[in-house]
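Computation of the quantities below employed the complete heavy-atom set of this structure, encompassing side-chain atoms and omitting hydrogens, waters and symmetry-equivalent molecules.
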Amino acid sequence: MTSTQAHTETDDSGPSGYAAARLRLLTEGAQSGPPRRAALADLTDDWLSGLFDAGADSPRGVSLVAVGGYGRGELSPRSDLDLLLLHDGSDTAAVAALADRIWYPVWDLGLALDHSVRTPAEARRTAGEDLKVQLGLLDARHIAGDLGLTAGLRTAVLADWRNQAPKRLPELQELCAARAERQGELQYLLEPDLKEARGGLRDATALRAVAASWLADAPREGLADARRRLLDVRDALHLTTGRATDRLALQEQDQVAAELGVLDADTLLRQVYEAARVVSYASDVTWREVRRVLRSRAVRPRLRAMLAGGKPTAERSPLAEGVVEQDGEVVLARAARPERDLVLPLRAAAAAAQAGLPLSLHAVRRMAAAARPLPTPWPAEAREQLVTLLGSGRPTVDVWEALEAEGLITRLLPDWERVRCRPQRNAVHLWTVDRHLIETAVRASEFTRRVHRPDLLLVAALLHDIGKGWPGDHSVAGEIIARDVAARIGFDRDDVAVLATLVRHHLLLVETATRRDLEDPATVRSVAEAVGSQGTLELLHALTEADALATGPAAWSSWRASLVADLVKRVAAVLSGDAPEQPGADAEAPTAEQERLAIEAFRTGGPVLSLRAQTEPPGESEGKPSGEPEPLGVELLIAVPDQPGVLPAVAGVLAVHRLTVRTAELRALELPDADAFDGPVLLLNWRVAAEYGSLPQAARLRTDLVRALDGSLDIASRLAERDAAYPRRRGVVAPPARVTVAAAASRHATVIEVRAQDAPGLLFRIGRALEDADVQVRSAHVSTLGANAVDAFYVTSAKGVPLPGEEAAAVARALEETLRR
């Protein structure tokens, strides 16, 4: 029988019946989702089996195999039929005739066909040369013919895949990365490709291939549902368009939503984004595990070859209390107790972002399962860890996504749920609302040296569009939400008011600068009235730029930047008359405790110190469940007779003992009976916390401080030795330190402001640099806000007068150069 005769006979019989049954299945609506896809695959199997067996003498040693999506039994309405005609090579002419008998009816119905005819050896060889072919064969499924031939190929292909996994999985990862670069991220695109974009169906298939290698496996929770959702949307897209397309175009989203019974196109996109986010996160975790396994396999032979007695490599390096690094990931310490340590999730996240390392899946899931809710308002440490996380730059994104994947973000910030995966139908916006907020924080972290309150800038960046989850003007709604969130986080009333103003007016500067006449005094006055203060204006300027840069390239330009800068300059001029004067060198009267320590220090001629728990001032703890003041850390009070090197000595001793300085005040104290005492006493009032572990004893601190002051303790060498032995991992590329001279800030001293990334020994380096510059530090005001140090030093010349302008600028330049090295 010729191929033409077979074609005619089949056309008269099978195709019409299959076509009618297929049409009924797709249009009657009795089935949808996985049942319909499986039914369509079964129907197609029966038809193709009939075509295979229709000949008078079907050849032996031949089988018809479904591969790819058809092999998985997942036929969408317009899916390709991926078929392999497998034969043993004994009768190639008969196989060619059989191929014609099957392929032509498929083409006649207008179905897309991806077909091949191969022996098992040819199939394996082609798979070894073409990764896409191998991936398709991993899902091979028998349809008709010689079952043993199909089973033998499946066994051989799986064995090949597992044997070659160390070589082929990196190749697969490269393919996935290249595809993501071309197609973008499904979870953010307004017209996404459901198959090719990152987080789409191709990535879900790649995860199946990784699992088949037995080398690693994807986190299973939610992955099957996410994949099903993407397939359901593709089915509806095929039915509404009548085309074999995977791109969810804007003009088709309403129809697809209606086909699926979804409220509207926005709800549809949000469901697609949520599914894509699950697949993307599973991919990140899986590929990280693949790299870890391959790395350990490569290292193991070398370890066996090493001679015994070598120094073992540390497996776990501490990053923070209860948090360690292990094998390139951040995990919980063995002694960590997430059910008791309420701040542990935020501390672990901040440590991971600061180190530029991923949070391990096990650690996140353990914290999600065991951690209890934070009290309202949050403990001070929780607030500080959130600010540190937000200020960590680009690594914040991956850490935030890890927390969100396990529900920790919405547990910490319930209002986040309304903006999670929310699309923005604006061509200017690159991201969903939630990702835009994180991107804005990333951008804002680059501007933390420009503002006096980087913590407020970072939190405002996180909250500025939080109102987009509510009806009406998102700025108005956002102001209300921001007040509630800021108070819950634990900011005081003044800070809450500033954050609310920033959220309410986050579009004010750019809209006014680009739409209003800046020469009109009324325009500038209206902005000044809305902003209210110089400090808020400074924050709003930085937030405006961060918001625009995080929106997309079309939202910011040098022209817009110049207009906004001009407006800010004009508004600052209006506000300058009402701006509160910065704190000068003069300070309030000492307390009885401070005076007692100062007198004792003078009489003994050496340092005197005390450690005590520090709590919130009266009134700040109102509304707490316990009604008790909240502990903020440990107050370290030091009095020492005035002498050179006090600031670097104290800062250095604290750094050696791994104490983190949260706030610090230094001032020269004139004792009440000045005639009885020769010279002032320096008073240092600092709030400190242990980096990890417990606090050292006060006696030990005093002993080391005495040695540091008399020169017998070489602090610089001690810090250098420790850093060499335990190098501190820094994954964040922080903005460079910025040192400026505050103009007219004080009549009694020159005020030098330092804004830098917090790090062990930072205050020691600053103090030593100022000593080297031969200036006297008469007062210091140090704050650590998240990962940012914001310090002001009131310095004078040896004669006790402010530095001349050029000399002050030179000191600032030298200090900046020191901190940038």
Looking at Ala353 and Val399, what are the two nearest heavy atoms and their distance? N-CG2, 3.8 Å

Pair Arg394, Glu439 - check salt bridge (charged side-chain N to carboxylate O under 4.0 Å, His left out), show working. CA-CA 8 Å; Arg394 186 56 51 189; Glu439 285 289 326; 2.7 Å; yes

Do Leu537 and His541 have side-chain heavy atoms sitting under 4.5 Å apart? no

Checking Gln354 side chain against Ala787 main chain: does a donor-acceptor pair fall under 3.5 Å? no

Could you walk me through whether Ser779 and His781 pass side chain to side chain donor-acceptor pair (under 3.5 Å), step by step? CA-CA 7 Å; Ser779 176; His781 307 271; 3.0 Å; yes

Side chain to side chain, Leu669 and Leu682, heavy atoms closer than 4.5 Å: no

State plainly whether the residues Arg295 and Asp327 are in salt-bridge range, i.e. N to O under 4.0 Å. yes

Which heavy atom in Ala789 sits nearest to a heavy atom in Leu762, and how many Å separate them? CB-CD2, 3.6 Å

Between Gln594 and Thr591 (side chain of the first, backbone of the second, donor and acceptor by atom type, cut-off under 3.5 Å), is there such a pair? yes

Using 0.5 Å steps for rounding, measure from the CG atom of Leu719 to the CD1 atom of Ile715. 7.0 Å

Under a 3.5 Å distance rule, please check whether Thr536 uses its side chain to pair with a backbone N or O of Ser533 as donor and acceptor. no

Arg778 and His748: CA distance, side-chain angles, deciding distance, side chain to side chain donor-acceptor pair (under 3.5 Å) verdict: CA-CA 10 Å; Arg778 307 313 304 162; His748 309 289; over 6 Å; no

Heavy-atom donor-acceptor pair, Gln643 side chain to Pro641 backbone, under 3.5 Å: yes

For the pair Glu381 and Arg383, find out whether any cationic side-chain nitrogen is under 4.0 Å from an anionic carboxylate oxygen. no

d(Thr544 OG1, Leu539 CG) to nearest 0.5 Å is 10.5 Å

Test Arg347 against Asp341 for salt bridge (charged side-chain N to carboxylate O under 4.0 Å, His left out), laying out the working first. CA-CA 10 Å; Arg347 190 186 310 119; Asp341 188 348; 2.7 Å; yes

Check this for me, if you would: do Arg596 and Glu600 make a salt bridge, where the nitrogen-to-carboxylate-oxygen distance has to be below 4.0 angstrom? yes

Quick one: are Leu683 and Ile638 in side-chain contact, heavy atoms under 4.5 Å? no

Shortest non-hydrogen pair, Gly767 vs Leu647, comes out as CA-CD2, 3.8 Å

Taking all heavy atoms of Ala749 and all of Val795, pick out the closest pair and write down the distance. CB-O, 3.5 Å

Quick one: are Val790 and Arg453 in side-chain contact, heavy atoms under 4.5 Å? no

Test side-chain contact (heavy atoms from CB on, under 4.5 Å) on Trp686 and Leu637 and set out the steps. CA-CA 6 Å; Trp686 294 9; Leu637 193 60; over 6 Å; no

Test item: Glu771 and Pro644 side chains (from C-beta on) under 4.5 Å apart, heavy atoms: yes

Counting heavy atoms not belonging to Arg449, are there more than 12 under 6.0 Å from its CZ? yes

Minimum-distance pair of heavy atoms, taken over all atoms of Ala349 and Leu403: CB-CD1, 3.7 Å

Arg288 vs Glu329 side-chain heavy atoms within contact, under 4.5 Å: yes

Asp714/Arg718 ion pair, N-O < 4.0 Å: no

Using a strict cut-off of less than 4.0 Å between a Lys/Arg side-chain nitrogen and an Asp/Glu carboxylate oxygen, indicate whether Arg450 and Glu545 qualify as a salt bridge. yes

In this structure, are over 12 heavy atoms from other groups packed under 6.0 Å from Gln697 atom CD? no

For the atom pair CG (Leu543) and CZ (Phe447), what is the distance rounded to the nearest 0.5 Å? 10.0 Å

Keeping Ser392 on the side-chain end and Pro395 on the backbone end, is there a donor-acceptor pair under 3.5 Å? no

Under a 3.5 Å distance rule, please check whether Thr440 uses its side chain to pair with a backbone N or O of Ala461 as donor and acceptor. no

Indicate the atoms forming the closest heavy-atom contact of Val331 with Ala363, along with that distance. CA-CB, 4.1 Å

Is it true that a side-chain atom of Arg765 and a backbone atom of Thr818 form a donor plus acceptor pair closer than 3.5 Å? yes

Glu816/Arg820 salt bridge by N-O under 4.0 Å criterion: yes

Flag the pair Ser610 / Leu597 as yes when at least one side-chain heavy-atom distance between them is below 4.5 Å, and no otherwise. yes

What's the separation between atom CG in Leu462 and atom CH2 in Trp400, rounded to the nearest 0.5 Å? 4.5 Å

Check the pair Trp378, Val343 against side-chain contact (heavy atoms from CB on, under 4.5 Å), reporting the backbone distance first and the verdict last. CA-CA 9 Å; Trp378 289 7; Val343 186; over 6 Å; no

Using only atom types and a distance under 3.5 Å, with no angle test, would you say the side chain of Glu665 pairs donor to acceptor with the backbone of Leu684? no

From Asp455 atom CG to Thr448 atom OG1, the distance as rounded to the nearest 0.5 Å: 11.0 Å

Crowding at CG, Asp774 (>12 non-hydrogen neighbours, <6.0 Å): no

Would Arg687 and Glu384 pass as an ion pair if we require N to O under 4.0 Å? yes

Start with the C-alpha distance between Asp704 and His657, add both sets of side-chain angles, then the distance that settles side chain to side chain donor-acceptor pair (under 3.5 Å), and finish with yes or no. CA-CA 10 Å; Asp704 284 351; His657 285 275; 2.7 Å; yes

side-chain contact (heavy atoms from CB on, under 4.5 Å) partner of Leu390, the single match among Thr388, Leu386, Val387: Leu386

Taking Arg738 for its side chain and Val754 for its backbone only, find out whether a donor-acceptor pair lies under 3.5 Å. no

Separation of Ser445 OG from Gln757 CD (nearest 0.5 Å): 9.0 Å

Say whether, by atom type as modelled, one donor and one acceptor occur between the side chain of Ser797 and the main chain of Leu803 under 3.5 angstrom. no

Do Leu763 and Pro648 come within less than 4.5 Å of each other through their side chains, counting heavy atoms only? no

